[in-house]
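Here is the structure we will look at, set down as structure tokens.
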Amino acid sequence: MELRTDVLIIGGGLVGGSMACALASHGVPCIVVDRDEQRALVDEGYDGRCSAIALACQKVLAATGVWQYMADDVQPIEQIRVADGESLLFLHYHYQLLEEGEPLGYMSENRVMRRALFRRLDELPAATYLAPHSVTSLDRGPDGVTAELEDGRIIRAKLVVAADGRRSPTREAAGIPVHGWDYKQNGIVFTVWHERHHQGIAHEHFLPAGPFAILPLRGGHHSSLVWTERRSLVDELMSLDDATFQAELMKRFGDFLGEVKVVSRKFSYPLTLQFARRYTDRRLALIGDAAHGMHPVAGQGMNFGLRDVAVLAEKIVEAHRLGLDVGTTTVLDDYQRLRRFDNLLMLGLTDAIVRLFSNDIAPIRIARDIGLAVVNRIDPAKKFFMRHAMGQVGTLPRLMRGEAL
């Protein structure tokens with residue numbers, strides 16, 4: 001059996017699924033191929049992670065019809081509090097400081113967003129989701145793309161979009177080099193119940209081993225934790241009995257939310273930084289983690305994948321409406337030009353934050369504490385950093401402004 005489409009998307013996760021929704025919502029035929037069953041991807045035990053969705057990226061999801069299926073299950077982030085260890089100095093953001101009066105962003109369980117993506121894809125005639133399937137061969141010729149699935153089916157397209165993660169087989173097969181480094185840290189991720197209401201506040205505590213984030217979830221009494229720890233200690237921490245793990249947790253968590261209980265399975269992920277030397281090849285575009293992977297310290301990894309989606313979708317839709325080939329170098333060059341610098345800037349920023357705060361050297365600690373306190377007292381600076389975290393700085397593509405293409 002042979003299938004024909006305009007865009008083949010390899011990888012149907014958060015970014016790949018969003019890409020398919022953005023294209024199909026605007027009439028561009030696309031096929032998504034993913035190796036995992038949809039049922040597995042929305043299971044509570046699949047990965048345990050949650051994502052901070054910046055306001056501008058929430059507008060991408062709203063403009064493509066996804067947000068309506070997840071809005072009731074997310075938590076608005078109304079405040080962000082950043083503290084350095086035991087220091088009394090801190091940086092505090094509050095959404096009311098900005099004239100717009102909108103939340104700084106939203107916290108969503110990844111499975112909630114996947115479920116919303118699948119519901120939206122089901123109602124889009126231009127989108128086809130094939131899973132569990134994998135691409136066994138891919139030929140990107142001058143006139144089009146030919147992919148073969150493991151069941152023998154052939155897909156012919158004009159463009160292939162790789163959204164298949166940090167270890168992207170599609171990127172590797174294209175011979176695109178990747179640069180980066182390992183932080184020798186792991187992020188331990190799990191959900192806790194706490195006695196007191198979190199008030200929509202996201203907390204980031206910088207400890208010598210790395211950031212410890214308490215991120216509010218829907219309902220007021222649950223939060224997602226991202227506990228960054230030296231990799232040499234992670235296996236020992238993960239193997240502790242419940243009582244001992246609880247004691248270690250409370251040393252870092254504190255008692256400001258009252259009693260705290262771990263209520264989910266614990267997951268551990270290695271933390272690295274990587275970036276592809278280029279984002280495009282003949283009839284190929286990389287998006288999300290296939291193009292760039294960053295430390296979760298700023299909570300921007302998935303957001304920058306959605307920024308890729310917003311730009312690439314706009315270029316593809318423009319070409320499609322003009323009756324042009326969506327896989328030409330014109331489309332791909334515009335995408336790379338608009339996204340690569342922005343991504344590299346954020347990669348550099350997150351790396352600098354990790355290196356600045358993941359140590360306990362006294363002069364550096366004093367300087368960074370003073371820096372947090374100074375920014376906290378200067379409203380124009382706070383507003384700029386808040387808008388930057390919300391994704392509202394610079395020239396934004398139309399989807400990030402909440403506009404249909």
Side-chain angles (χ1 to χ4, degrees), residues 47-52 54 77 80-87 90-91 93 105 107 109-110 166 180-192 194 198 201-217 222-240 244-254 256-257 260 262-275 289 292-304 346-361 364-365 368-369 371-372 389:
D47 70 3
R49 287 175 289 188
C50 299
S51 294
I77 301 173
I80 299 174
R81 187 180 178 94
V82 181
D84 186 11
E86 300 299 321
S87 173
F90 59 87
L91 176 59
Y93 296 146
M107 281 302 304
E109 295 177 75
N110 285 1
R166 293 197 182 203
W181 45 85
D182 188 340
Y183 288 108
K184 296 181 172 54
Q185 297 174 328
N186 273 39
I188 304 173
V189 180
F190 53 98
T191 301
V192 298
H194 38 76
H198 53 52
I201 305 174
H203 297 265
E204 182 117 47
H205 298 291
F206 286 104
L207 304 175
F212 183 90
I214 304 170
L215 307 169
L217 296 178
H222 288 84
S223 291
S224 174
L225 264 65
V226 182
W227 174 352
T228 305
E229 190 53 80
R230 298 180 184 92
R231 188 166 302 145
S232 58
L233 300 177
V234 167
D235 287 345
E236 182 179 353
L237 280 170
M238 295 289 285
S239 64
L240 293 175
T244 308
F245 185 87
Q246 179 76 14
E248 289 295 326
L249 169 64
M250 295 310 295
K251 289 179 184 177
R252 297 157 176 81
F253 197 106
F256 71 102
L257 289 177
V260 177
V262 178
V263 293
S264 76
R265 179 182 158 197
K266 298 185 288 289
F267 299 81
S268 174
Y269 301 95
L271 302 181
T272 62
L273 179 147
Q274 70 176 47
F275 55 95
D289 283 354
H292 47 80
M294 61 188 69
H295 196 286
V297 62
Q300 292 294 334
M302 194 269 291
N303 288 305
F304 271 67
M346 180 53 69
L347 287 166
L349 177 61
T350 56
D351 184 65
I353 292 172
V354 172
R355 296 181 186 279
L356 178 63
F357 284 92
S358 294
N359 65 72
D360 200 30
I361 301 171
I364 297 177
R365 185 179 66 246
R368 70 196 181 205
D369 290 351
L372 288 176

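For this chain, numbers begin at 1 and follow the sequence in order. If you're wondering where the values come from, they're calculated on a predicted model, not measured in any experiment.
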**Report entry** Minimal non-hydrogen separation, Gly187 against Leu271, with atom names
**Finding:** N-CG, 3.7 Å
Query - Close side-chain approach of Ile80 and Glu204, heavy atoms under 4.5 Å - result: no
Report summary line: Value for CD (Gln246) from CZ (Phe253), rounded to nearest 0.5 Å, stands at 9.5 Å
Report summary line: For Arg365, the side-chain hydrogen bond (donor to acceptor under 3.5 Å, both in side chains) test, sequence neighbours excluded, returns Asp360
**Report entry** Shortest non-hydrogen contact from Ser51 toward Asn110
**Finding:** OG-OD1, 2.7 Å
Report task. Would you mind reporting whether Pro216 and His194 have side-chain heavy atoms less than 4.5 Å apart? Result -> no
Query - Which residues share a ring pair (Phe, Tyr, Trp, His ring centres under 6.0 Å) with Phe357, sequence neighbours left out - result: Phe206
Report summary line: Only one of Asp351, Thr272, Thr228 passes side chain to side chain donor-acceptor pair (under 3.5 Å) with Tyr183, and that residue is Asp351
Requested in this report: Sequence neighbours left out, what passes ring pair (Phe, Tyr, Trp, His ring centres under 6.0 Å) with Tyr269? Give chain and number order.
Outcome: none
Query - Atom of Val262, atom of Val192 and distance for their closest heavy-atom approach - result: CA-CG1, 4.2 Å
**Report entry** pair Leu215-Leu225: side-chain heavy atoms closer than 4.5 Å
**Finding:** no
Report summary line: Asn186 and Pro270 have their tightest heavy-atom pair at OD1-CA, 3.5 Å
Query - Set of residues satisfying salt bridge (Lys or Arg N to Asp or Glu O under 4.0 Å) with respect to Arg252, sequence neighbours excluded - result: Glu229, Glu248
Requested in this report: State whether the side chain of His198 and the backbone N or O of Leu217 hold a donor-acceptor pair below 3.5 Å, judged by distance alone.
Outcome: yes
**Report entry** Euclidean distance, His295 NE2 relative to Ser358 OG, rounded to 0.5 Å
**Finding:** 6.0 Å
Query - Distance-minimising heavy-atom pair for Ala298 and Thr350 - result: CB-CG2, 4.0 Å
Query raised in the report: When the ring planes of Phe245 and Trp227 are compared, do they come out parallel, tilted or perpendicular, using 30° and 60° as the limits?
Result: tilted
Report task. Determine yes or no for a side-chain-to-main-chain donor-acceptor pair under 3.5 angstrom, with Ser239 supplying the side chain and Glu236 the backbone. Result -> yes
Query raised in the report: Between Arg231 (side chain) and Gln185 (backbone), is there a donor-acceptor pair under 3.5 Å?
Result: yes
Query raised in the report: So, the side chain of Arg368 versus the backbone of Asp84: is there a donor-acceptor pair under 3.5 Å, distance only?
Result: no
Query - Met346 backbone acceptor or donor facing Gln300 side chain under 3.5 Å - result: no
Report task. For Phe304, enumerate each residue passing the ring pair (Phe, Tyr, Trp, His ring centres under 6.0 Å) test, keeping only those at least two apart in sequence or located in another chain. Result -> none
**Report entry** Non-neighbouring partners of Asp369 that pass salt bridge (Lys or Arg N to Asp or Glu O under 4.0 Å), sequence neighbours left out
**Finding:** none
Query raised in the report: How many angstroms lie between atom CG of Leu249 and atom CG of Leu240, to the nearest 0.5 angstrom?
Result: 11.0 Å
Query raised in the report: Does Arg49 count as lying over the ring of Phe267, i.e. NZ or CZ under 6.0 Å from the six-ring centre, within 45 degrees of the axis?
Result: no
Report task. Tell me, with the steps shown, if Met107 and Ile77 meet side chain to side chain contact (heavy atoms under 4.5 Å, CB included). Result -> CA-CA 7 Å; Met107 281 302 304; Ile77 301 173; 3.7 Å; yes
**Report entry** Leu207 to Phe212 - nearest heavy-atom pair and separation
**Finding:** CD1-CB, 3.9 Å
Query - Spacing of Met294 atom CE and Met302 atom CE [to the nearest 0.5 Å] - result: 12.0 Å
